[in-house]
Amino acid sequence: MSEKNNKQEYNPAQIEEFWQKSWDKDGIYNIPDVIKGKKNRYHLTMFPYTSGDLHIGHWYAMAPSDTLARFYRMKGDNVLFPMGFDAFGLPAENAAIKGKTHPKDWTDQNIIRMRKQLKKMGGMFDWNREVNTSSEEYYKWTQWWFLQLLKNNLAYKGKALVNWDPVDETTLANEQVIDGRSDRSGALVEQREMEQWFYKITNYAEELLNHDNLNWPESVKAMQKNWIGKSEGAEIKFSILKNDKDISKEIINVFTTRPDTLFGVTFMVLAPEHPLVDQITTSDFSDKITKYRIDTKLKTEIERQSLVKEKTGVFTGAYCIHPLSKNHIPIWISDYVSPTYGTGAVMGVPAHDERDFQFAKKFLLPIIQVVSKNTNIATEQLTNAFTEKGVLINSQQYNNLDSDTAKEKIIDCLENEKKGVRKIQYRMRDWLISRQRYWGAPIPIIYCDNDGCGIVPVPEEDLPITLPYNVEFLPTGKSPLSLNEEFVNTTCPNCKKPAKRETDTMDTFMCSSWYYMRYANPKNNTNIISKDAEKNWLPVDQYTGGAEHATMHLLYSRFFYKAARDMKILEDNEPFTNYFSQGQILGTDGQRMSKSKGNVVAPDAQINKWGADAFRSYLMFLGPWDQGGPYDLSGVVGTHRWLNRLWQLVLSKPIKNKKIAKKTDQINKINHSTLKKVTLDIASFKFNTMIAALMELTNELSTIKEINDDDEVAWDKAIEYLCLMIAPSCPHIAEELWHLLGKNSSVHLNSWPIFIDKYTKSITQVIPIQINGKLRAAIEVSVGIDESTMLSLAQKNKKIAGYVQNKNILKVIYIQDKLLNIVITN
RNA sequence: GCCGGGGUGGCGGAAUGGUAGACGCAGUAGGCUUAAACCCUGCGGAAACAUUAAUGUUUCGUGUGAGUUCGAGUCUCACCCUCGGCACCA
């Protein structure tokens with residue numbers, strides 16, 4: 001390309017296609033597992049879902065991460081930067097139903113199209129390591145993971161209230177429910193009691209809260225902490241009173257974070273779904289209770305969670321006994337108590353909890369204040385719940401203690417009397433992985449009716465359980481696989497008698513919880529990952545991707561890694577030691593891009609118009625990467641013009657003129673100070689200022705029309721460095737110009753230049769002079785002059801002299817090479 | 001309500017407590033063109049005063065209000081707006 005090209009014109013379409021093919025042919029991005037003398041470094045950007053089209057968000061996520069990976073490669077590391085496809089999932093199935101194709105065909109076609117689009121980006125992806133989560137060789141290992149988790153008691157089948165998406169006809173994990181709606185279909189989620197497969201991610205709740213040694217954004221760490229939702233308190237037992245006198249065997253357990261308010265309990269509230277409700281409700285109240293429970297069931301999660309609505313509830317007719325005061329406490333049910341958090345029951349402390357306060361007001365239940373702001377016993381009626389900590393009152397021997405002390409003493413007492421225990425409660429629940437849909441990895445389980453068999457895991461050597469192609473995959477609420485006799489009917493591995501397969505498939509987040517491991521040895525048939533592959537590449541040194549995965553993919557992956565460690569599959573604790581989350585690229589109107597808003601920017605059209613290099617650099621230039629922001633259709637012309645100017649600059653040398661003054665110092669200065677800034681900026685993800693600095697260098701060099709003969713060395717160096725410096729961000733034009741300069745090897749196989757700090761310094765500089773902190777003048781002086789010289793030079797300045805005249809100088813502040821501030825009387 | 005970002009020209013944004021607005025877009029004046037442009041060059045925070053004029057001088061200016069400092073976009077406190085996450089979570 002470089003020889004044939006017309007040297008006048010920058011034609012991105014031509015050179016980009018040429019070099020992409022050439023790189024492919026030479027395999028310059030195929031990364032060996034080991035290069036002697038080089039450190040391995042694993043860079044990864046979240047792989048795309050196979051929707052069929054690379055959208056601008058993918059480019060926004062991948063262009064900077066590619067730039068970063070290329071930079072570290074030039075810095076001398078052996079950098080792995082793989083790519084693959086997250087290919088299982090509901091959208092494939094829904095699209096196939098709509099378009100009358102098969103999910104597999106739909107997905108495979110999309111992969112072909114997306115791979116092509118990804119190559120147009122000019123990324124240094126190592127395509128030899130591509131993974132496709134819907135391929136048999138991949139999902140064999142997804143199923144293998146299930147078996148390992150099962151073997152180690154981290155997977156279990158359990159009956160529970162689960163989230164049901166009535167549109168997609170499948171269950172959802174809690175993480176997939178946003179504001180009571182399915183994150184995919186948007187349908188209002190229903191609660192159904194079903195028997196499903198779960199992973200015990202809660203076993204790792206405490207460890208997942210620990211982000212020490214993880215270089216992650218604070219916001220993402222905070223989101224995970226919020227999601228896990230740790231609360232410390234106690235679980236307290238309230239015995240149920242039977243026939244007014246006898247104490248029944250049944251006990252109500254409640255969780256509270258405020259045991260110090262225990263003496264303020266005036267009622268008990270159970271969730272309507274609480275299993276004890278039937279047993280304790282007295283006959284007088286059973287009609288009302290039954291009706292309330294039916295009403296609750298009919299409510300959507302959103303109605304139920306609404307904060308504005310008035311509290312509702314019904315008395316059960318039953319009472320329980322306060323564990324310390326022995327008072328009789330009425331038991332109510334109300335939908336403000338969630339059946340799935342804590343024990344599904346709360347102790348009502350209206351004086352110190354806003355919700356309980358509202359409930360007590362509504363049903364005229366007593367309100368007893370037991371915590372006060374100060375030691376004076378409050379006599380005033382509370383108008384609101386007092387939710388702060390304070391000093392105990394009305395609490396027998398605990399009076400006058402502060403909340404924290406009282407909390408400890410009360411729990412001690414409860415523990416002694418076996419009426420309660422210290423308890424840590426987490427908001428996070430176990431991960432529900434069963435899906436009643438077709439396009440996913442089948443759960444490798446066989447159900448056998450014979451004695452002693454029951455739930456039988458598929459033996460590892462029988463994996464993969466392949467997904468049959470000929471299946472009626474219309475959603476029916478049951479897995480489509482259950483309609484396929486050939487799939488369902490099998491023999492029990494234990495007793496060899498006829499048995500049936502599990503027909504649910506696995507949540508696709510399972511596929512993405514371990515894909516980063518597979519890139520290290522994608523074709524390994526005997527292990528999930530070999531010891532060597534693990535040593536070579538894991539954990540990921542730099543992960544990048546959107547923060548919308550904070551409580552799903554990123555949390556699940558951490559769980560997988562820790563589980564793998566405990567199952568002796570891997571050795572480390574964390575999959576991603578450094579993680580950076582980019583912001584979201586918005587439509588030109590500053591709104592989230594969506595077809596309905598008509599503000600979607602198609603990347604393909606932008607590349608055709610401007611070329612991948614200009615498009616990549618504009619995406620990096622438009623603002624700080626972690627902030628995202630609107631895409632400006634007229635802004636991208638800026639980076640295109642820049643590359644055009646740069647092209648001209650590199651190919652047209654200034655005129656040599658012996659008579660003019662030497663410019664070597666000037667050229668070295670702009671060259672090396674840019675190199676310094678670019679080096680530091682890329683390493684700290686400041687891609688926008690990196691591009692700005694490169695533009696400045698281009699502009700400054702362009703103003704030099706003539707050089708002295710002696711300047712040629714410095715000039716050539718500057719041009720060479722310029723090509724090297726743009727190589728990570730604009731790989732195609734860099735390569736083309738590099739060859740046009742007469743170099744033979746790829747620019748991407750060259751080393752990143754090292755800046756020489758002394759070149760970045762100048763001999764003179766302009767120092768601002770302030771009077772009383774206000775800028776009054778700026779004078780050029782030599783670097784490093786002392787205070788008295790600076791002051792006398794300043795006083796010679798006409799303007800400064802005018803200010804200082806007839807005034808007392810109170811103070812002089814001189815920061816060498818920065819500024820001079822003269823403080824005078826007014 | 002709780003947690004975490006962010007408020008700077010017409011717009012995107014830059015700025016280790018030290019010349020606010022780098023770099024770019026749009027705008028505008030000019031050049032090259034038959035004509036244009038995704039070509040080249042110049043000028044762009046606001047106001048007041050002075051000067052025939054280019055210009056000069058001063059004042060104001062980084063969401064609001066206080067404070068620390070010789071000096072604050074930057075630090076401290078209070079508040080407002082906005083984006084994202086969590087939420088009848090006991």
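Chain letters run A, B, ... following the sequence lines, proteins first, then strands; residues in each count from 1. Values below: all heavy atoms of this structure, side chains included; hydrogens, waters and symmetry mates excluded.
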Counterpart base for A50(B), defined by Watson-Crick or G-U wobble contacts under 3.5 Å: U55(B)
Pairing partner (Watson-Crick or G-U wobble, both distances under 3.5 angstrom) of U34(B): none
Sugar-phosphate only, base, or nothing, as touched by V766(A) at under 4.0 Å among non-hydrogen atoms: base
Atom C1', compared across G31(B) and A20(B): separation rounded to whole Å: 33 Å
Donor-acceptor pair under 3.5 Å, N821(A) side chain vs C70(B) base: yes
Phosphate contact (C2(B) OP1 or OP2) by R427(A) side-chain N/O below 4.0 Å: no
Ring-face cation contact, W227(A) with R427(A), 6.0 Å cut, 45° max: yes
I178(A) side-chain proximity, nearest of C86(B), C38(B), C23(B): C86(B)
Paired nucleotide for G17(B) [Watson-Crick or G-U wobble; both distances under 3.5 Å]: none
Under 4.0 angstrom between K798(A) side-chain N/O and U57(B) OP1 or OP2: no
Torsion-based syn/anti label for G73(B), 90° from 0 as limit: anti
G44(B): pairing nucleotide in any strand, Watson-Crick or G-U under 3.5 angstrom: none
Touch class at under 4.0 angstrom, heavy-atom based, for A778(A) against every strand present: nothing
Partner nucleotide, any strand, of U74(B) [Watson-Crick/G-U, under 3.5 Å]: none
A14(B) OP1/OP2 closer than 4.0 Å to side-chain N/O of N688(A): yes
Touch class at under 4.0 angstrom, heavy-atom based, for P217(A) against every strand present: nothing
Aromatic ring pairing F359(A)/W332(A), orientation class (parallel under 30°, perpendicular over 60°, tilted between): perpendicular
Sugar-phosphate only, base, or nothing, as touched by Q770(A) at under 4.0 Å among non-hydrogen atoms: base
Gap between atoms CZ and C1', on R355(A) and C89(B) respectively (whole Å): 7 Å
Geometric class of the Y618(A)/Y631(A) ring pair [parallel <30°, tilted 30-60°, perpendicular >60°]: perpendicular
Base-pairing assignment for U62(B) (Watson-Crick or G-U wobble, both under 3.5 Å): none
Watson-Crick/G-U partner (both atom distances under 3.5 Å) of A87(B): none
Sugar-phosphate, base or nothing in reach of K423(A), heavy atoms under 4.0 Å: nothing
F255(A) and Y341(A) aromatic ring geometry - parallel, tilted or perpendicular at 30°/60° bounds: perpendicular
Base-pairing assignment for G9(B) (Watson-Crick or G-U wobble, both under 3.5 Å): none
Sugar-phosphate only, base, or nothing, as touched by W642(A) at under 4.0 Å among non-hydrogen atoms: nothing
Sugar-phosphate, base or nothing in reach of K609(A), heavy atoms under 4.0 Å: base
R293(A) side chain to H274(A) side chain, donor-acceptor N/O pair below 3.5 angstrom: no
Syn or anti conformation of G4(B), syn meaning chi within 90° of 0: anti
Touch class at under 4.0 angstrom, heavy-atom based, for D632(A) against every strand present: sugar-phosphate
Exercise: do E175(A) and T551(A) side chains pair donor with acceptor under 3.5 Å: no
Touch class at under 4.0 angstrom, heavy-atom based, for V269(A) against every strand present: nothing
